[in-house]
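All ligand and atom numbering here is 1-based and tracks the order in the structure. If you read the sequence from its start, that first residue is 1, and numbering goes on from there. Nothing here was measured: the structure is a model prediction, and the numbers come from that model.
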Amino acid sequence: MPTKILMVCLGNICRSPLAEGILKSKLPTDTFEVDSAGTGGWHAGEHPDKRSILTAKNHRIDISNQRARQFKLADFQNFDYIFAMDNSNYKDIIRLAPDEASKSKVRLILNELYPGENIPVPDPYYGEQNGFEQVFNLLDEACDIIANKLKTHHI
Ligand code: 4NP
């Protein structure tokens, strides 16, 4: 059974598609699966935002085939680790959690990089291209740490 990781933001078109692509690029595909979802469903079925696709491409990661979907209850069973991009995503997921085991799977992603600081990945949707580059760099650093922990079973 592969270890399964889910990245979650609001729309699943800007931040979590980048997080999915970045973490995938750092893990062996035979033993790990990475997916992403949005707490909101407005963009379900859409490809990632063009600016996320371009930012990933500039770092030699292809996320253009991803499709947005809404976070669902079954995700608590289907995934081992659930990483929220910001505090409102975190609260929304925790609110849906049916039990303590589900709650314990949920983490704020930048707490891997800045433990205990509860720093959000800023939502770049209403900003410019350089906001997406900043998001990429934050997620790249966090995913380095996450990938190393996952590979050594110390998460
Ligand atoms: P994301 O960004 O949560 O990083 O995918 C957003 C995308 C769309 C919206 C909000 C945030 N929206 O309101 O449509």
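The single protein non-hydrogen atom nearest to atom 8 (C) of ligand 1 is H43 NE2, 3.4 Å, given as residue, atom name and distance. Of the protein's heavy atoms, D123 OD2, 3.0 Å lies nearest to atom 11 (C) of ligand 1. Protein heavy atom closest to atom 13 (O) of ligand 1, with residue, atom name and distance, is Y126 OH, 3.7 Å.
Remark: E128 CD is loosely packed, at most 12 non-hydrogen atoms of other residues, nucleotides or ligands lying under 6.0 Å away. More than 12 heavy atoms of other residues, nucleotides or ligands sit less than 6.0 Å from atom NZ of K149.
Of all the atoms in ligand 1, the ones that sit under 4.0 Å from a non-hydrogen atom of L10 are 3 (O), 10 (C), 11 (C). The atoms of ligand 1 that sit less than 4.0 Å from any heavy atom of C14 are 1 (P), 2 (O), 4 (O), 5 (O). Atom numbering of ligand 1 starts at 1 in the shown order; those under 4.0 Å from a heavy atom of I13 are 5 (O), 7 (C), 8 (C).
Remark: ligand 1 and S16 share no N or O pair separated by less than 3.5 Å (distance only, no angle test). Here's the thing with G11: one of its N/O atoms is less than 3.5 angstrom from an N/O atom of ligand 1. Considering both main-chain and side-chain atoms, C9 never comes within under 3.5 Å of ligand 1 through any nitrogen or oxygen pair.
Listed for the N89 side chain is a donor-acceptor partner under 3.5 Å among the backbone atoms of D86. Judged by distance alone, with hydrogens and angles left aside, the side-chain atoms of H47 form a donor-acceptor pair with the main-chain N or O of Q66 at under 3.5 Å. Side chain of R107 to backbone of E112: no donor-acceptor contact under 3.5 angstrom is found.
For the pair K4 and F79, the cation sits on the ring face: its NZ or CZ lies under 6.0 Å from the ring centre, inside 45° of the axis.
Proximity annotation for atom 7 (C) of ligand 1: of W42, F132, Y125, Y125 comes nearest, heavy atoms only.
Of the charged side-chain nitrogens involved, at least one lies within less than 4.0 Å of a carboxylate oxygen, so that D144 and K26 count as a salt-bridged pair.
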